[in-house]
Amino acid sequence: MPEAYGFTGFQRENLPIRPKEFTLVPRQVKEGKEYKPDAGALRQLKIIKELFGRADEIIVATDAGREGELIFRYIYNYLGCRTPFRRLWISSLTDRAIRDGMESLRPGSDYDNLYLSAQARSQADWLVGINSSQALCIAAGSGVWSLGRVQTPTLAMICSRYMENKDFTPQTYFRLKAHTAKEATAFAVLSADKFDTRTDADQAAHLVTGAGSLTVTSVERKQVNQEPPLLYDLTALQKDANKRHGFSADKTLTIAQSLYESKFISYPRTGSRYISADVMDEIPHLIAMLRAHPSLGAYIDGRVDTSLNPRPVDDSKVTDHHALIITEDPATGLSADQQLIYDMIAGRLLEAFGQRCVKDNTTAILEAGGVKFTAKGSVILQPGWREVFGTSQEEQADEDLTVLPALAEGDILSIRETEVQQQQTKPKPLHTEASLLSAMEGAGKEVENEQEREAMKIPSKRGQSELAHNLPSGRDFCKEGGLGTPATRAAIIETLFAREYIVREKKSLVPTAKGLTVYTAVRDKKIADVAMTGQWEYALSKIGKGEMDAATFHRSIEVYASQITSELLDMKFVRQDNRQSCPCPKCGSGTVVLYPKVAKCQNENCGLTVWRTIAKKELSDAQLTSLLMDGKTGIIKGVVSTKTINTFEVAIEFDTDYKTVSRFEDRKATTGGKRKSK
């Protein structure tokens with residue numbers, strides 16, 4: 001924490017905080033208002049130090065990736081260890097993979113650049129998070145506020161979609177719908193054009209009715225092969241669980257982690273949707289094991305083509321961990337929620353290695369009275385992977401799986417009915433956790449401004465920071481260019497809930513007044529720039545390859561931290577809420593704002609603070625206003641003595657130093673909230 005470097009409190013003159021050297025301390029937990037070392041972490045470090053001291057050599061078997069390397073190096077360096085180490089680099093935990101990895105251990109020094117990349121990321125996040133959060137708190141004058149490299153752009157995505165949805169003005173338009181049939185199959189067709197006015201639509205409907213029949217002018221049939229979906233990574237699982245079951249990203253991760261700890265599924269915090277060739281050797285056995293599954297067994301037994309689709313197998317696309325799959329341990333004793341997630345992973349395993357779904361798609365153009373109509377239909381010829389779960393009615397509607405009769409060019413079909421449909425344009429829906437995870441994963445893809453879209457592909461030059469000058473040109477972005485990682489995205493969303501920046505309304509994510517305040521304040525600032533994550537990842541990938549100096553990156557981040565700090569300190573902070581306020585009785589020039597837990601003067605030099613809860617009694621807005629305006633409240637019943645369980649009727653007032661004191665109006669005490677019986 002900044003206090004370890006001599007920076008106490010939130011002081012404007014301290015910013016930006018830029019330690020000359022970063023210090024590592026064991027994990028801390030908050031007790032009251034202070035942070036203290038976690039006793040469990042201290043015990044574990046002591047055990048590791050003792051084992052390191054006994055070892056002739058250390059084999060590093062942390063995750064085969066940037067953050068896995070950082071975990072080991074931080075512990076190794078903190079303990080001052082000098083024992084030589086070699087690196088085990090594997091992404092799957094099959095016996096074969098572990099044996100192969102142990103036979104080809106590499107010197108730890110081969111991964112020094114990876115460590116430097118990870119350390120640079122860690123220190124940069126600290127610099128940006130600490131300085132931006134403190135600067136925002138100082139600019140706000142009161143309250144607890146936080147910003148972060150990933151947290152703030154994510155909040156901006158939610159707020160911008162909310163504002164776009166709220167400000168959307170629907171436009172009314174009209175379409176014609178004609179009902180017809182061929183042989184025994186009835187179907188409806190829609191006009192190709194939309195009409196701006198009811199008059200235009202009615203005139204077109206009159207022409208169609210007068211024609212009495214529809215003529216098929218063209219028919220296009222196309223056979224489509226639909227490849228099965230890839231295996232789940234964590235983000236894909238979280239998105240589907242949110243759509244199907246309404247689970248939050250954090251709940252899905254928690255359930256998946258419990259299944260992993262019970263050895264029923266592979267490691268869930270994965271960003272890969274592929275498996276390696278050695279894991280593929282296990283897939284036939286896992287599929288055979290699912291024959292006993294009550295809902296999936298029938299699909300396995302009914303397969304005619306038992307060959308496995310090789311599409312999910314690609315060693316080059318396996319990152320720290322391979323895709324999510326089940327294990328050979330039979331999953332028994334699961335809770336209802338665990339069963340849902342397990343079945344999703346097991347079903348996706350069958351889908352991913354299943355055969356293509358073959359569909360026959362038809363598009364027909366029809367004409368009546370000079371008005372063109374279109375009809376689309378689709379028939380599944382070979383369900384393939386779709387047989388695992390079947391096709392729901394919702395999916396059928398989404399994919400136009402309407403069955404059309406055998407239409408041919410020149411067919412003349414009688415019109416049974418023509419109707420004018422009034423419709424309205426719709427805004428983009430509010431973000432759900434599923435859509436937000438997609439937006440975080442492909443940050444920048446939905447940005448409408450072309451220049452902003454390009455900024456996600458190449459380093460942004462906005463602000464002309466030192467980082468932008470140091471980045472090489474080109475579009476060689478690392479594949480982890482989204483916001484956050486599969487392992488951290490759920491935590492980022494939960495942080496926004498914990499900060500009271502967003503709330504859930506059914507499945508939608510809606511910003512609170514506090515969240516909108518932050519968004520309004522920083523939306524045009526560098527801290528909210530999604531493209532910055534792309535810049536960082538590009539630079540960090542260069543450090544990891546030894547193509548960029550970590551010290552250069554660190555200097556550029558210090559410049560960036562100074563820029564965002566100055567921006568935030570100089571901005572005009574406008575609250576988006578409707579909290580009550582009144583003039584400050586202490587300084588006379590400030591305004592006291594009433595918050596859920598406290599009333600506080602906005603003049604940072606004043607410091608008047610009144611806590612709502614006094615002697616276990618929470619003051620109402622009206623009582624706080626009376627105290628601030630008149631110097632005292634009216635009679636308050638049920639105030640509890642700090643020394644006994646007795647309750648009293650008192651008035652709260654200020655003393656000469658504007659501290660709250662109790663004035664007893666009625667000294668007849670009660671016990672346990674009730675008057676003593678006579």
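From a predicted model like this one, the values you see are computed outputs, not experimental measurements.
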Using only atom types and a distance under 3.5 Å, with no angle test, would you say the side chain of Arg311 pairs donor to acceptor with the backbone of Pro228?
yes

Can you measure from CZ (Phe264) to CG (Leu259) and round to the nearest 0.5 angstrom?
7.5 Å

Mind checking the CD-CD spacing from Gln257 to Glu261? Nearest 0.5 Å is all I need.
4.5 Å

Do you know which two heavy atoms are closest between Leu230 and Arg348, and how far apart they sit?
O-NH1, 3.0 Å

Is a donor on one side and an acceptor on the other found under 3.5 Å between the side chain of Gln355 and the backbone of Ser307?
yes

How about Val189 and Lys177: do any of their side-chain heavy atoms sit closer than 4.5 Å?
no

Under 3.5 Å, is there a donor-acceptor pair linking the side chains of Glu409 and Ser218?
no

So OG1 of Thr152 and CG of Leu483: to nearest 0.5 Å the spacing works out to 10.5 Å

For atom NE2 of His245, is the number of surrounding heavy atoms from other residues, nucleotides or ligands below 6.0 Å larger than 12?
yes

Any donor-acceptor pair under 3.5 Å linking the side chain of Ser508 with the backbone of Arg504?
no

Which residues pass the side chain to side chain donor-acceptor pair (under 3.5 Å) test with Asp314, sequence neighbours left out?
Ser316

Donor-acceptor pair, side chain of Trp89 and main chain of Gly65, under 3.5 angstrom:
no

When you measure from the side chain of Ser266 to the backbone of Ile325, do you find a donor-acceptor pair of N or O atoms at a distance under 3.5 Å?
yes

So which heavy atom on Ile341 is nearest to which on Ala241, and how close?
CD1-CB, 4.0 Å

Any heavy-atom pair between the side chains of Ile287 and Leu308 that's under 4.5 Å?
yes

If the test is side-chain hydrogen bond (donor to acceptor under 3.5 Å, both in side chains), which one of Thr363, Asn361, Asp360 qualifies with Ser378?
Asn361

Crowded around Asp196 CG? As in, over 12 foreign heavy atoms under 6.0 Å?
no

Residue pair Glu220, Thr362: steps toward the side-chain hydrogen bond (donor to acceptor under 3.5 Å, both in side chains) verdict
CA-CA 6 Å; Glu220 181 184 357; Thr362 301; over 6 Å; no

Could you tell me if Thr199 and Asp202 have a donor-acceptor pair between their side chains, going purely by distance under 3.5 Å?
no

Assess whether atom CD of Glu328 is packed by more than 12 heavy atoms of other residues, nucleotides or ligands within 6.0 Å.
no

Short side-chain to backbone donor-acceptor contact, Asp411 and Ala408, under 3.5 Å:
yes

Within the 4.5 Å heavy-atom criterion, are Val208 and Ile415 side-chain neighbours or not?
yes

Just checking, is any N or O donor in the side chain of Tyr299 or Glu387 under 3.5 Å from an acceptor N or O on the other one?
no

Gap between atom CG of Leu234 and atom CZ of Arg273 - 0.5 Å precision
11.5 Å

Mind checking salt bridge (Lys or Arg N to Asp or Glu O under 4.0 Å) for Asp193 and listing every partner two or more places apart, or none if nothing turns up?
none

Minimum heavy-atom distance between Asp343 and Phe389, given as atom pair plus value
O-CZ, 3.7 Å

Minimum heavy-atom separation for Ala97 and Ile90, please, with both atom names.
O-CG2, 3.5 Å

Inspect the surroundings of CD in Glu505 and state if more than 12 heavy atoms from other residues, nucleotides or ligands are less than 6.0 Å away.
no

Interatomic spacing from OG1 in Thr495 to CG in Asp250 - rounded to 0.5 Å
9.5 Å

Say whether Asp315 and Tyr274, considering side chains only, have a donor N or O and an acceptor N or O under 3.5 Å apart.
no

Think Arg175 forms a cation-pi with Phe195, using NZ or CZ under 6.0 Å from the six-ring centre and within 45 degrees of its axis?
no

With no hydrogens and no angle check, is any side-chain donor or acceptor of Lys426 less than 3.5 Å from a backbone partner on Pro170?
no

Heavy-atom nearest pair, Cys357 first then Ile380, reads SG-CG2, 4.1 Å

Thr209 side chain vs Ala205 backbone, donor-acceptor pair below 3.5 Å:
yes

Backbone of Leu540 reached by a side-chain donor or acceptor of Ser117 within 3.5 Å
yes

Once ring pair (Phe, Tyr, Trp, His ring centres under 6.0 Å) is applied, what residue pairs with a partner in residues 310-354 remain, sequence neighbours excluded?
Tyr267-His321

Salt bridge or not for Lys507 and Glu433, using N-O below 4.0 Å?
no

Any side-chain heavy atom of Phe373 within less than 4.5 Å of one from Leu190?
no

Look only at the side chain of Asp233 and the backbone of Ser272, and say whether a donor-acceptor pair between them is shorter than 3.5 Å.
no

Closest contact, heavy atoms only, Leu413 versus Ala181:
CD2-O, 3.7 Å

Ignoring hydrogens and angles, state whether a donor on the side chain of Arg489 or Gln238 is under 3.5 Å from an acceptor on the partner side chain.
no

Does a side chain donor of either Asp278 or Ser276 reach within less than 3.5 Å of an acceptor in the other side chain?
yes

Answer yes if the side chains of Lys239 and Ser438 hold a donor-acceptor pair under 3.5 Å, and no otherwise.
yes

Does any part of the side chain of Pro486, heavy atoms only, come nearer than 4.5 Å to the side chain of Thr270, both counted from C-beta?
no

